[in-house]
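Just so you know, ligand 1 is whichever comes first in the structure, and atom 1 is the first atom listed for that ligand.
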Amino acid sequence: DKGNHRHFMQKEIFEQPIVVAQTLRSYLQRLEGQIVLPIPEFDLSGIRRVTIVACGTSYYAGMVAKYWFEQFARVPVDIDVASEFRYRAPVMEPGGLMIVISQSGETADTLAALRHAKAEGQTIAAVVNVPTSTMAREADLLLPTHAGPEIGVASTKAFTCQLSVLAALAANLAKAKGRLSAEEERALVRHLAEAPAAINGALAYDEAIEAMAPLIAGARDVLYLGRGTDYPLALEGALKLKEISYIHAEGYAAGEMKHGPIALIDDAVPVIVIAPSGPLFEKTVSNMQEVQARGGKVVLISDYDGIEAAGEGCLATITMPKVHPLIAPIVYAVPVQLLAYHVAVAKGTDVDQPRNLAKSVTVE
Ligand code: M6R
């Protein structure tokens, strides 16, 4: 049932404040200021290496998590798309934790990677949305997302719930490694607990994004740029736009643009720049100015301070609430989803059932 919504995708985008809160509730003890995983018997302190494997949007959630695991827990992280993982003879030493991330828990490549790593003696943690799925059953440790059924082929609420679980897992691993003081843990709990309200703040920009969709709908190509954890978001933005609006889009690490894709820039290629204010902001803005100097039309997604500092001369700006860097990827996912959604609606495509795609990809 779509309720008041025109599409399941729209409904699922708007459910995010609730389902992220629901997911966080089973990982955070807010009063105690503690992060607790639903796998109490498992001791994470022996984990020496993490391997993340997933496909599509779930893979981009994993890319964001790599930054967190390395930053908080100082544990090295390998990440691969599941369809490549088995074919590169990955080195899997004892003490390795493999994390598979999947909305459906049935994606064939991810499941094959899980089985391969299990046979190699890795401990398998599964971040999955369908609790009865094959991956949920075969994993050693189940870390559920509580997004509820996701019907739209484009993954939205599953992504933000995956990020919520992965942030909690990274913090927990840091704690097990003695790298997180009680005070730091309390602060992380506070920041994560702010995510649902911040998502609501992001959703308030829906109509403004709808109004700017026609600016993008006529484009043949669109570029997305981001740095740090906003780089995977750029990839996610491009994937979302491609799959439902059929516009060719690419996500790039902002600093990598001048190594090639900048040749594409002209006034017909909109460039979406994802840049919350913070330590990486200036660098990303200078990449954005390289685009503008070549006649490129920029849509800047930032917070009020960022828009104040760099919004002038942009084709359009999207203002997000000011949030802690930990939850920025969760919050900035929303405008990226809404933009793809409204562009697809403007183009009149079949948003929930895009051509050539299936919700769950059960062939390798
Ligand atoms: O069910 P999974 O999370 O394993 O699915 C992975 C991908 O097939 C999925 O994220 C796909 O890329 C989506 N259609 C993206 O919106």
Side-chain angles (χ1 to χ4, degrees), residues 7-13 15-16 19 23 52-65 79-86 98-115 117 124-139 142-166 224 232-247 249-251 329 333-334 336-341 343-344 349-364:
H7 298 100
F8 280 108
M9 181 181 179
Q10 186 188 36
K11 171 174 177 261
E12 289 161 3
I13 290 172
E15 277 172 357
Q16 290 177 109
V19 294
T23 298
I52 303 177
V53 171
C55 300
T57 290
S58 299
Y59 171 70
Y60 299 139
M63 276 183 77
V64 173
I79 172 159
D80 239 320
V81 288
S83 54
E84 287 298 321
F85 174 71
R86 280 173 304 151
M98 174 189 249
I99 305 172
V100 294
I101 308 168
S102 176
Q103 187 287 126
S104 61
E106 303 294 349
T107 301
D109 284 312
T110 311
L111 182 59
L114 177 162
R115 288 176 175 158
I124 314 287
V127 177
V128 294
N129 194 46
V130 179
T132 51
S133 61
T134 313
M135 283 181 226
R137 277 199 315 273
E138 294 194 13
L142 177 58
L143 297 168
T145 50
H146 299 293
E150 192 181 63
I151 311 292
V153 163
S155 185
T156 54
K157 61 177 181 170
F159 179 68
T160 45
C161 288
Q162 287 164 348
L163 290 176
S164 306
V165 169
L166 290 163
Y224 285 75
L233 276 185
L235 296 169
E236 166 64 1
L239 174 63
K240 217 95 294 178
L241 191 72
K242 274 184 268 219
E243 74 176 329
I244 60 171
S245 78
Y246 314 148
I247 295 174
E250 285 197 58
V334 174
V336 153
Q337 297 162 349
L338 286 172
L339 188 64
Y341 174 74
V343 170
T349 59
D350 188 347
V351 171
D352 285 332
Q353 285 291 337
R355 66 185 183 203
N356 308 341
L357 282 166
K359 180 64 184 160
S360 180
V361 183
T362 51
V363 288
E364 281 187 42

Shell of residues surrounding ligand 1, defined by a 4.0 angstrom heavy-atom cut-off that is strict: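 Residues near ligand 1: C55, G56, T57, S58, S102, Q103, S104, T107, V153, A154, S155, L239, K240, E243.
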Main-chain N/O of S104 paired with N129 side-chain donor or acceptor, under 3.5 Å: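 Absent.
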Side chains of S58 and Q103, donor plus acceptor under 3.5 Å: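 No, Q103 and S58 have no side-chain donor paired with an acceptor closer than 3.5 Å.
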Side-chain donor-acceptor contact under 3.5 Å, Q16 with Q337: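 Q16 vs Q337: donor-acceptor pair found between side chains.
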Summary of salt bridge (Lys or Arg N to Asp or Glu O under 4.0 Å) pairs that have at least one residue in residues 127-139, sequence neighbours excluded: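 Found R115-E138.
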All ring pair (Phe, Tyr, Trp, His ring centres under 6.0 Å) counterparts of Y341, not counting sequence neighbours: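 Scan of Y341 (ring pair (Phe, Tyr, Trp, His ring centres under 6.0 Å), adjacent residues dropped) gives H7.
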Side chain to side chain donor-acceptor pair (under 3.5 Å) contacts in which one or both residues fall within residues 354-364, not counting sequence neighbours: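 Non-adjacent pairs meeting side chain to side chain donor-acceptor pair (under 3.5 Å): R86-E364, E150-K359.
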